[in-house]
J.: 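Got a structure for you, questions after.
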Amino acid sequence: MIYKIAFSCEEGDNFRLVFEADPDATFLELHEAILSAVKYNNDQMTSFFMCNDRWEKEQEVTLIEMDRNFDYDNMVMDRTHLADLMEEQGQRLIYIFDPMFERYFFGSLKEILPGSMTGVKCVEKKGKAPKQLHEEDPLSGIVGKNGKADWEGDEDFYGDSQYDEGELDMEGFQDLSFDDGSMF
C-alpha cells in the first residue's frame, strides 16, 4: 500500500503539498519531508494532531517525549508509524509548524494506493508556503519605534497630571502603621 497525504494552509496562496508514503514510515519521516519540501528550519517543537471530521484535535504526535495527557497516549514521531493512526481514506490531521502562534497545515489521507515504497516522498508542490514563523514583534505595544516604552513621556499615562494631594480621602488610612513590624 501507498498512502497519498495532502496538506494545505489558509495562509498560503493556493498552497498544496502532496506526499506518497509507506504506511510503515514514521511521523518523523513525514515531518522531515514537509520541512524539506517547504524549506523550513528544523528548530521548532512541531507536532501532528489527528483530527475528527470537524477538525477538532484528538491524538497528538509530538517531536519529543512530553508529559502524559490523560485523554490520549503520549506518542512520539520517531516511534509512531503512519499506519498506527491513519487507517482509512479521509483521515484528517494537522501539522503545527509554528507552535508559538499555533499555525498549521491541514492534511488528510486522500488515497490508499496499491503498490509499495519506502519512506516519504513529496510528489506535488503547488503555490508558495507561508513563512515558517509569524513575524509579530513580541515587544509590540510595549516598546515604541524610538526604543522607548510607548507610555514613556506621556504625562497622562497614570491619570490626571494635575494631581492634588489634598483631594485624597485619608479615611481608613489613619490606622495603618508600619512602625511596629506587624505587616511582616
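None of the values given here were measured: they were computed from a predicted structure. Numbers for residues simply follow the sequence, beginning at 1.
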J.: Got a second to check how far M100's CE is from M45's CE, nearest 0.5 Å?
T.: 13.0 Å

J.: Measure the CG-SG distance between L93 and C51 for me, rounded to the nearest 0.5 Å.
T.: 7.0 Å

J.: Are I96 and L28 connected in a single hydrophobic cluster, I mean Ile/Leu/Val/Met/Phe/Trp/Tyr linked by side-chain heavy atoms less than 4.5 Å apart?
T.: no

J.: What heavy-atom pair brings A37 and C122 nearest, and what distance separates the two atoms?
T.: CB-SG, 4.0 Å

J.: In chain order, what residues pass the side chain to side chain donor-acceptor pair (under 3.5 Å) check against D53, with sequence neighbours excluded?
T.: none

J.: With sequence neighbours excluded, give me every salt bridge (Lys or Arg N to Asp or Glu O under 4.0 Å) pair touching residues 22-43.
T.: none

J.: Using atom types as modelled, flag every donor-acceptor pair under 3.5 Å from a side chain in residues 113-121 to any protein atom, sequence neighbours excluded.
T.:
none

J.: Does the side chain to side chain contact (heavy atoms under 4.5 Å, CB included) test come out yes or no for L63 and S47, once each step is laid out?
T.: CA-CA 6 Å; L63 186 57; S47 60; over 6 Å; no

J.: With sequence neighbours excluded, what pairs up with F105 under the ring-ring contact (aromatic ring centres under 6.0 Å, His included) test?
T.: F15, F97

J.: Per the side chain to side chain donor-acceptor pair (under 3.5 Å) rule, what does the pair list look like for residues 84-97, sequence neighbours excluded?
T.: H31-Y95

J.: Suppose we screen for side chain to side chain donor-acceptor pair (under 3.5 Å). Which residues come up paired with N52, at least two apart in sequence or across chains?
T.: E56

J.: Indicate yes or no: at least one non-hydrogen side-chain atom of F19 is less than 4.5 angstrom from one of F7.
T.: yes

J.: Does L109 belong to the same Ile/Leu/Val/Met/Phe/Trp/Tyr cluster as I34, with side-chain heavy atoms less than 4.5 Å apart forming each link?
T.: yes

J.: According to a hydrophobic-cluster definition based on side-chain heavy atoms being under 4.5 Å apart (Ile, Leu, Val, Met, Phe, Trp, Tyr only), do V76 and I94 belong together?
T.: no

J.: Same cluster or not: V61 versus Y40, using hydrophobic residues (I, L, V, M, F, W, Y) connected whenever any side-chain heavy atoms lie under 4.5 Å apart?
T.: yes

J.: Holding to side-chain contact (heavy atoms from CB on, under 4.5 Å), I want the full list of residues that pass it with R16, two or more places apart in sequence or in another chain.
T.: A6, V18, E124, K126

J.: Does R103 form a side chain to side chain contact (heavy atoms under 4.5 Å, CB included) with E11? I'd like the steps, not just the answer.
T.: CA-CA 9 Å; R103 296 169 55 232; E11 294 178 46; 2.8 Å; yes

J.: Is it possible for you to say whether L82 and M77 belong to one hydrophobic cluster, with membership spreading through side-chain heavy-atom contacts below 4.5 Å?
T.: yes

J.: Ignoring hydrogens and geometry, is there a side-chain-to-backbone donor-acceptor pair from T62 to M75 under 3.5 Å?
T.: yes

J.: Could you go through the side chain to side chain contact (heavy atoms under 4.5 Å, CB included) check for K110 and I5 one step at a time?
T.: CA-CA 6 Å; K110 290 294 186 187; I5 306 167; over 6 Å; no

J.: Apply the test side chain to side chain contact (heavy atoms under 4.5 Å, CB included) to residues M86 and M50: give CA-CA distance (whole Å), side-chain angles for both, the deciding distance (0.1 Å), then the verdict.
T.: CA-CA 8 Å; M86 300 177 81; M50 304 314 294; 3.6 Å; yes

J.: Does Y104 have any ring-ring contact (aromatic ring centres under 6.0 Å, His included) partners at least two apart in sequence or in another chain, and if so, which?
T.: F106

